[in-house]
Amino acid sequence: MSVCFLRPDRTHGSRRRPWLAIGVLAGALLLHGAPSADAAITGLAPADPQPTAEQLKPGLSVKYHYGIFNTIEGMIMRTGGAKTASPGEPLPQLNYKVNFGAVLSSGRQDGVAAFIKGYIRFDKPGSYVFKVQSNDGIRLDIGGQMIFTDPEVHPDTFSEPLPVEISQAGWYPIEVIYFEKRNTSTLELYWKAPGQAGDFAFVPAAAFAHIPE
Ligand SMILES: [Ca+2]
């Protein structure tokens, strides 16, 4: 109320603005939180400059932290994130559904957090639709856009189809932050590329690469 007394000319606006602010916030959450099956994600930026064939090695790079985590955010806060993680063997592609087996290339079955990085190649522009299966938490970014997150502990769960509009062919940065708490673990990335026959297929190993640090 003190604002109203000091600036009586703003009284009218101050009655309306909270609703405006709530509307804008709700809109932002909707846009950022859960891409629907209808709304393609746009604005993905290709790597600039594009990596050269000489720089690139197959698969995605991965770094690990070990511990029991409950959320992506909590895990990053507790560990310090990728900067302090230990490098592991690169991942040829994201097709891990290992039941009670070792998580990714860590050699451990539980209590693993992974920071996965590299490039994904879109051979032509157009509409690509991704699908993720995860257990436990995951966040996926491509070309600087968040494509999907399911940041807490959960059993094997498929995402909705995640349509993405690619405006030019080439290599795009990809980042996956993932953790496995206990029991079974799964990390799978599927796509349906433009003109791809049949159902969703794993993003092929040929579409992933990284620059070793
Ligand atoms: Ca699990």
Side-chain angles (χ1 to χ4, degrees), residues 29 32-37 41 58-120 128-143 145-164 172-192 199-205 207-210 213:
L29 284 171
H32 208 71
S36 77
I41 301 167
L60 298 171
S61 76
V62 60
K63 291 175 156 187
Y64 295 108
H65 279 297
Y66 303 107
I68 295 298
F69 310 107
N70 290 303
T71 66
I72 292 283
E73 194 182 24
M75 177 272 286
I76 292 170
M77 281 178 64
R78 263 178 56 196
T79 62
K83 271 186 228 158
T84 54
S86 309
E89 281 299 306
L91 311 176
Q93 61 186 132
L94 300 179
N95 61 344
Y96 295 88
K97 184 177 166 72
V98 299
N99 203 5
F100 291 92
V103 180
L104 310 180
S105 61
S106 72
R108 302 198 189 192
Q109 297 176 1
D110 289 316
V112 176
F115 295 85
I116 301 162
K117 245 178 100 169
Y119 297 96
I120 181 169
Y128 291 72
V129 186
F130 287 97
K131 218 183 229 190
V132 169
Q133 188 175 203
S134 61
N135 164 0
D136 286 286
I138 182 175
R139 175 184 165 126
L140 166 66
D141 288 73
I142 300 176
Q145 300 287 331
M146 192 184 75
I147 307 302
F148 179 68
T149 187
D150 189 348
E152 299 182 353
V153 174
H154 54 266
D156 281 13
T157 308
F158 271 105
S159 69
E160 293 292 307
L162 306 163
V164 163
Y172 285 63
I174 178 170
E175 186 176 359
V176 182
I177 304 175
Y178 166 76
F179 73 90
E180 148 65 356
K181 186 179 183 184
R182 291 195 179 93
N183 300 319
T184 60
S185 75
T186 294
L187 177 58
E188 295 179 327
L189 182 62
Y190 301 80
W191 74 6
K192 219 175 153 164
D199 204 353
F200 285 85
F202 286 124
V203 178
F208 290 121
H210 72 283
E213 284 188 14

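Order of listing sets the numbers, starting from 1, for every ligand and every atom in it.
For the atom pair Thr186 OG1 and His154 NE2, the distance stands at 9.0 Å (nearest 0.5 Å).
Using modelled atom types, one side-chain atom of His210 and one backbone atom of Pro58 make a donor-acceptor pair closer than 3.5 Å. Between the side chain of Ser185 and the backbone N or O of Lys97 there is no donor-acceptor pair closer than 3.5 Å.
Cation-pi geometry between Arg78 and Phe69 is not satisfied (NZ or CZ under 6.0 Å from the ring centre, within 45° of the ring normal).
For a distance threshold of 3.0 Å, the protein N, O or S atoms nearer than that to the Ca ion (ligand 1), listed by chain and number, are Asn135 OD1, Asp136 OD2, Glu180 OE1, Arg182 O, Thr184 O.
Around the CD atom of Glu73, the shell of radius 6.0 Å holds no more than 12 heavy atoms that belong to other residues, nucleotides or ligands.
Of the residues listed (Phe202, Phe148, Tyr128, Phe200), the one engaging Tyr190 in a ring-ring contact (aromatic ring centres under 6.0 Å, His included) is Phe202, and it is the only one.
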